[in-house]
Amino acid sequence: MLILEGLSKTYKTGDAALRDVSLTVPKGQIMGLIGPSGAGKSTLIRCINRLVEPTGGKVLLGDMDLVRLGKADLRRQRRRIGMIFQEYALVERLTVMENVLSGRLGYVPFWRSFLRKYPPADIQRAYQLLDRVGLIEHADKRADALSGGQRQRVGIARALAQDPELLLVDEPTASLDPKTSRQIMRLLTEICAERDLPAIVNIHDVPLAQQFMQRIVGLRAGRVVFDGTPDQLTHDALTAIYGEEDWNEMRRGDEEQTRAELDARDRMAALAR
Ligand SMILES: Nc1ncnc2c1ncn2[C@@H]1O[C@H](COP(=O)(O)OP(=O)(O)OP(=O)(O)O)[C@@H](O)[C@H]1O
């Protein structure tokens, strides 16, 4: 379980990116974080594993406050948090298998990782994870030979190789087409359920969040302005998060995208005839 208590971040520039955010994410819950650009979504995710240093508050993972840890302890504790990134952050010239094994780097002694000698149990486990994400037959391919969706699956398997107690997921589908995005979101939700893992997913796409998240938290100007189920995300709630103008614009954008997708489908169907 993850508990945030009064988490705040003010950057040196004076930008108050997070203001007194308190949230509890229980085991197995997948929580979507939505909000307009600049609302503080990335800052929130990065304060949890202290890629960004919070200026106040607590981050409790189990009963440990990550904010209080010194450097060496923080490095050890970060193993407990798996991260999945928008741009996958794979080592492109390494194989799929090596990328997954790199999730174990926090556990193996330096000399082993330097020589890329991982224990057999890690290798066996990496194969199981690749099987779970549907990439077993791609294990020996270089990461740069894969499609975007496949790369994101490697990113998921690598995060799981850490045996994390929490997943932080930053815009996992921002670089993917709509169908692949849905497949990735489905995989993430299944994995959280199977492993009883809590997850926070920073997600721009509101319909996708509504379709897959159990809980949605809306941030605006660094504050939580909505916390509820997808059904409770009404027009009024969306207006509170995005403001009237932005929300209407987003809706128009969605309608245009849907129209464009339908158009493309009609054109493909016409070609196939
Ligand atoms: N390194 C930084 N230095 C100073 N200010 C920053 C820094 N990073 C973010 N900010 C500011 O903090 C606020 C929150 O930014 P953040 O990137 O967390 O928002 P976001 O909701 O993730 O936005 P987006 O959806 O556009 O990625 C913004 O006002 C931003 O300008």
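All ligand and atom numbering here is 1-based and tracks the order in the structure.
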Name every donor-acceptor pair, under 3.5 Å, that has one atom in a side chain of residues 39-48 and the other anywhere in the protein, sequence neighbours excluded.
residue: Lys41; atom: NZ; partner: Gly35; partner atom: O; Å: 2.8
residue: Lys41; atom: NZ; partner: Pro36; partner atom: O; Å: 3.1
residue: Thr43; atom: OG1; partner: Tyr11; partner atom: OH; Å: 2.9
residue: Arg46; atom: NH1; partner: Asp170; partner atom: OD2; Å: 2.7
residue: Arg46; atom: NH2; partner: Asp170; partner atom: OD2; Å: 3.4

Please give the N or O to N or O pairs under 3.5 Å between ligand 1 and the protein, distances rounded to 0.1 Å.
residue: ligand 1; atom: 8 (N); partner: Tyr11; partner atom: OH; Å: 3.4
residue: ligand 1; atom: 18 (O); partner: Thr43; partner atom: N; Å: 2.9
residue: ligand 1; atom: 18 (O); partner: Thr43; partner atom: OG1; Å: 2.5
residue: ligand 1; atom: 19 (O); partner: Gly40; partner atom: N; Å: 3.2
residue: ligand 1; atom: 21 (O); partner: Ala39; partner atom: N; Å: 3.1
residue: ligand 1; atom: 21 (O); partner: Gly40; partner atom: N; Å: 3.0
residue: ligand 1; atom: 21 (O); partner: Lys41; partner atom: N; Å: 2.9
residue: ligand 1; atom: 21 (O); partner: Lys41; partner atom: NZ; Å: 2.8
residue: ligand 1; atom: 22 (O); partner: Ser42; partner atom: N; Å: 2.8
residue: ligand 1; atom: 22 (O); partner: Ser42; partner atom: OG; Å: 2.8
residue: ligand 1; atom: 23 (O); partner: Gly38; partner atom: N; Å: 2.8
residue: ligand 1; atom: 25 (O); partner: Lys41; partner atom: NZ; Å: 2.8
residue: ligand 1; atom: 25 (O); partner: His204; partner atom: NE2; Å: 3.2
residue: ligand 1; atom: 26 (O); partner: Ser37; partner atom: OG; Å: 2.6

Evaluation steps, side-chain contact (heavy atoms from CB on, under 4.5 Å), between Leu219 and Val224: CA-CA 5 Å; Leu219 279 186; Val224 174; 3.9 Å; yes

Verdict with supporting geometry, Gln150 and Arg153, side-chain hydrogen bond (donor to acceptor under 3.5 Å, both in side chains): CA-CA 5 Å; Gln150 289 171 331; Arg153 287 168 189 271; over 6 Å; no

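Leu23 is listed as a side-chain neighbour of Met31, based on a closest heavy-atom distance under 4.5 Å. A heavy-atom distance below 4.5 Å is not found between the side chains of Met97 and Ile136.
Arg142 and Asp144 are joined by a salt bridge, as a carboxylate oxygen and a charged side-chain nitrogen come within less than 4.0 angstrom of each other.
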